[in-house]
Each structure stands twice: as C-alpha cells, then as structure tokens.
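Below is one structure, written out as structure tokens; the observations come after it.
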Amino acid sequence: MLAHLGERPRVDMTFFRMDGEGAGGEYQCIEGGVVVKYHAETNALEMADGRVVPVVDIVRIELSEV
C-alpha cells in the first residue's frame, strides 16, 4: 500500500483508539478511507479526513473496493 500512496489508495481498516482514561478505549472502523501520507517519524497513516492512525493500533487493513 505504501508504494501506491501517490494513487491515494482507499482502505478499510479497524484500529484501537485509547480513550485517554487508563487502559480503556474502543475499536473504530474506516470504510473506504483515503490514505494521503505515511509519517515515518511517528509510524502513522494520515487519512484525507485529517485523522492520523498509528500503525501499531491497526488490527486490520485492506485495500477497499470502493
């Protein structure tokens, strides 16, 4: 996927987002999200909607058919 960032790939992903209050949090999904950038310094994906998702929090990612 990283090799295709110039093509703005669409992905479906599930990731865990900490709630900031201890060990809790929730799984969140992105369906057909557009990846615009990979930040090597923080090991995170930046999405077109502005969300930044650390790679270590991603539990499922695949190229979207959308």
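Only this structure's heavy atoms are used, side chains among them; waters, hydrogens and symmetry mates stay out.
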Can you find a heavy atom in the side chain of Val53 that is under 4.5 Å from one in the side chain of Arg17? yes
Rounded to the nearest 0.5 Å, how far apart are CE of Met13 and CZ of Arg51? 8.5 Å
Work out which heavy atom in Arg10 is nearest to a heavy atom in Gly32; give both atom names and the distance. NH1-O, 2.7 Å
Quick one: do Met47 and Leu5 end up in the same hydrophobic cluster if we chain Ile, Leu, Val, Met, Phe, Trp and Tyr together by side-chain heavy atoms under 4.5 Å apart? yes
Would you check, one step at a time, whether the test side-chain contact (heavy atoms from CB on, under 4.5 Å) holds for Phe15 with Ile61? CA-CA 9 Å; Phe15 60 98; Ile61 187 168; over 6 Å; no
What about Val35 and Val55, same hydrophobic cluster or not, with Ile/Leu/Val/Met/Phe/Trp/Tyr joined at side-chain heavy-atom distances under 4.5 Å? yes
By side-chain contact (heavy atoms from CB on, under 4.5 Å), Phe16 pairs with (sequence neighbours left out) Met18, Tyr27
Can you tell if the side chain of Val11 reaches within under 4.5 Å of the side chain of Leu63, non-hydrogen atoms only? yes
Using the rule given for side-chain contact (heavy atoms from CB on, under 4.5 Å), can you reason through Ile58 versus Leu45, listing the C-alpha separation, both sets of side-chain angles and the distance that settles it, and then say yes or no? CA-CA 10 Å; Ile58 298 171; Leu45 297 177; 3.9 Å; yes
Sorted by first residue and then second, give each side-chain hydrogen bond (donor to acceptor under 3.5 Å, both in side chains) pair with at least one member in residues 53-63; sequence neighbours left out. Thr14-Arg60
Cluster partners of Val34, using ILVMFWY side-chain heavy atoms under 4.5 angstrom, listed by chain and number? Val36
